[in-house]
Number of protein chains: 2
Amino acid sequence: MLQVRLKPPVCPSRPLAADCGACGARAFSVCASLEGEDLARLSALAEPVRFAAGQALTRQGERADYLFNITSGTARVQTLMADGRRQITGFLFAGDFVGLEAAARHAGSVEAIELVTACRFAIGDYRTLVRQSPKLEAVLLERAGHELTEARAQILLLGRKTAEEKLASFLLNLADRDPMRPHAEGQLRLPMSRTEIADYLGLTIETVSRVLGRFKTAGIVQLVSVSELRILRPERLTQLADGES
Amino acid sequence: MLQVRLKPPVCPSRPLAADCGACGARAFSVCASLEGEDLARLSALAEPVRFAAGQALTRQGERADYLFNITSGTARVQTLMADGRRQITGFLFAGDFVGLEAAARHAGSVEAIELVTACRFAIGDYRTLVRQSPKLEAVLLERAGHELTEARAQILLLGRKTAEEKLASFLLNLADRDPMRPHAEGQLRLPMSRTEIADYLGLTIETVSRVLGRFKTAGIVQLVSVSELRILRPERLTQLADGES
DNA sequence: CGCATCGTTGACCAAGATCAAGCCTGGTGG
DNA sequence: CCACCAGGCTTGATCTTGGTCAACGATGCG
């Protein structure tokens with residue numbers, strides 16, 4: 001396993017440069033492709049911060065003053081409607097970057113689901129950094145492209161897939177994306193609640209629960225615990241995800 | 001009106017440098033922020049091309065060899081599922097850029113809805129161009145951020161909005177985005193068919209038709225012709241779009 | 001004029017939402 | 001140690017939104 005356990009980052013109220021060299025998330029992150037001077041510059045401006053479950057990294061409608069690079073934990077990106085309806089547009093794991101949309105104000109908020117550690121950059125520092133380091137800019141552009149592709153996939157999922165197809169796609173994605181997944185083959189953590197899964201897939205908790213139940217009785221997955229699950233028949237899930245049955 | 005009518009671009013089979021200086025779409029486009037040497041370089045590598053309604057600019061699954069900058073017309077970005085279900089992930093108008101996702105292969109296809117003229121760049125040329133022109137790269141990154149924000153808005157729409165809210169949001173977006181909209185206040189073209197609207201909003205043609213009908217009887221819009229519509233009560237549409245009623 | 005394509009309208013249907021109990025699990029306090 | 005409670009999860013009964021199926025009207029083209 002690549003994953004190196006981080007020392008808990010020091011007090012966030014007193015800014016302190018990060019030690020990017022020792023960062024366990026570097027392998028997954030935009031910083032992976034930086035080295036030498038570029039990495040040093042980044043390291044100097046990054047401030048390690050941590051957020052308990054439920055705390056907000058950024059809030060819908062507020063000024064975008066900071067950007068983040070997640071180093072461990074799980075967060076959700078969500079938008080709320082006036083009447084309280086919620087859509088979760090994505091989950092963030094170690095290595096994910098917050099702030100590519102780069103608007104003056106956040107269109108959605110980002111909140112920790114479980115303890116999150118991250119590198120924080122002031123937006124001004126970030127802009128200088130990007131200007132000085134064409135390599136970084138290129139990496140960010142590439143990353144933005146990936147996110148755009150993922151967003152399109154989610155649009156297809158929400159617009160045209162059935163509840164079963166949505167859940168199947170979700171589980172497969174999660175298995176690919178969460179770098180903290182347990183070692184056991186096919187096993188994966190569900191750090192998010194049923195409500196969060198529902199708000200991500202455009203469903204209700206009841207439907208999520210029922211479909212997972214059906215997957216279980218069909219022998220496609222096994223619920224090790226309520227938040228831990230083992231995929232028994234990945235090929236079956238893939239079929240379901242693409243609507244091939 | 002800013003819009004300058006383009007001379008029909010010359011034969012696409014014989015590559016020919018574009019005249020960016022005379023381009024009517026430049027105001028909306030990524031090239032808007034380029035000038036001098038940068039613009040000259042771009043101009044030299046851009047090849048003007050045109051696509052009749054129904055023709056594909058890029059095809060799902062094929063190698064991504066070219067990028068495009070749309071100079072006039074309307075195109076759709078779509079993904080097909082194995083069983084034929086279609087999701088349109090976006091409509092493209094003059095000034096829009098095709099290829100930010102920058103994957104080796106296209107995850108979806110882009111097809112002209114009505115006659116499209118565009119500037120085409122070979123992917124290799126594009127990479128050189130971006131490397132030589134940090135300004136261009138910055139603009140593209142910014143554009144990618146905008147598209148990401150739009151994609152998130154569409155995810156909210158598909159995941160949590162009702163049919164009426166979807167249609168209302170769609171009409172308001174269209175009014176903002178299409179630079180070719182007719183002059184008359186509140187009037188807008190619907191270059192796309194009902195089927196395309198439905199596949200964009202995750203609905204069926206019948207539902208689109210019915211909801212538009214309801215908007216009409218409610219006096220919110222007026223259908224000038226089947227593909228031309230006037231918004232009579234924009235404030236009502238805004239309310240509907242945000243679910244405030 | 002006749003056919004094809006697209007859009008509209010109506011009758012009926014079903015996937016998933018809503019409403020309403022129960023059920024676990026973990027934490028608290030007696 | 002166990003009774004109790006709270007929050008999240010599951011399960012069942014019923015309802016509603018939007019989908020499906022079908023017929024018909026408009027538009028446009030050869």
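Throughout, a chain's letter reflects where its sequence line sits, starting with A, and its residues are numbered from 1.
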Checklist entry - According to the interplanar angle, ranging from 0 to 90°, do the rings of B:Phe68 and B:Phe51 count as parallel (below 30°), tilted (30 to 60°) or perpendicular (above 60°)? => result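 Because their plane-to-plane angle is over 60°, the rings of B:Phe68 and B:Phe51 count as perpendicular.
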Whether the [X] and [Y] side chains hold a donor-acceptor pair (N or O, under 3.5 Å, no angle test) is what I'd like checked.
{"X": "A:Thr74", "Y": "A:Glu114", "answer": "yes"}
{"X": "A:Glu111", "Y": "A:Gln55", "answer": "no"}
{"X": "A:Thr71", "Y": "A:Thr117", "answer": "yes"}
{"X": "A:Gln78", "Y": "A:Gln87", "answer": "no"}

Checklist outcome for this item: A correct 5'-to-3' footprint of nucleotides 7-15 of chain D, with B, S and - meaning base, sugar-phosphate only and no protein heavy atom under 4.0 Å, is --SBBBB--
Checklist entry - If you look only at pairs with a residue in residues 149-162 of chain A, which of them pass as a salt bridge (Lys or Arg N to Asp or Glu O under 4.0 Å), with sequence neighbours excluded? => result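 Pairs touching residues 149-162 of chain A that pass the test: A:Arg152-B:Glu101, A:Arg152-B:Glu147, A:Arg160-B:Asp199.
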Tell me: [atom1] of [X] to [atom2] of [N], nearest whole Å?
{"X": "B:Leu229", "N": "C:dG7", "atom1": "CG", "atom2": "P", "value": "14 Å"}
{"X": "B:Lys166", "N": "D:dG18", "atom1": "NZ", "atom2": "C1'", "value": "9 Å"}
{"X": "B:Leu201", "N": "D:dG18", "atom1": "CG", "atom2": "P", "value": "12 Å"}
{"X": "A:Leu167", "N": "C:dA15", "atom1": "CG", "atom2": "C1'", "value": "14 Å"}
{"X": "A:Leu203", "N": "C:dA15", "atom1": "CG", "atom2": "C1'", "value": "11 Å"}
{"X": "A:Arg214", "N": "C:dA15", "atom1": "CZ", "atom2": "C1'", "value": "9 Å"}
{"X": "B:Leu190", "N": "C:dG7", "atom1": "CG", "atom2": "C1'", "value": "13 Å"}

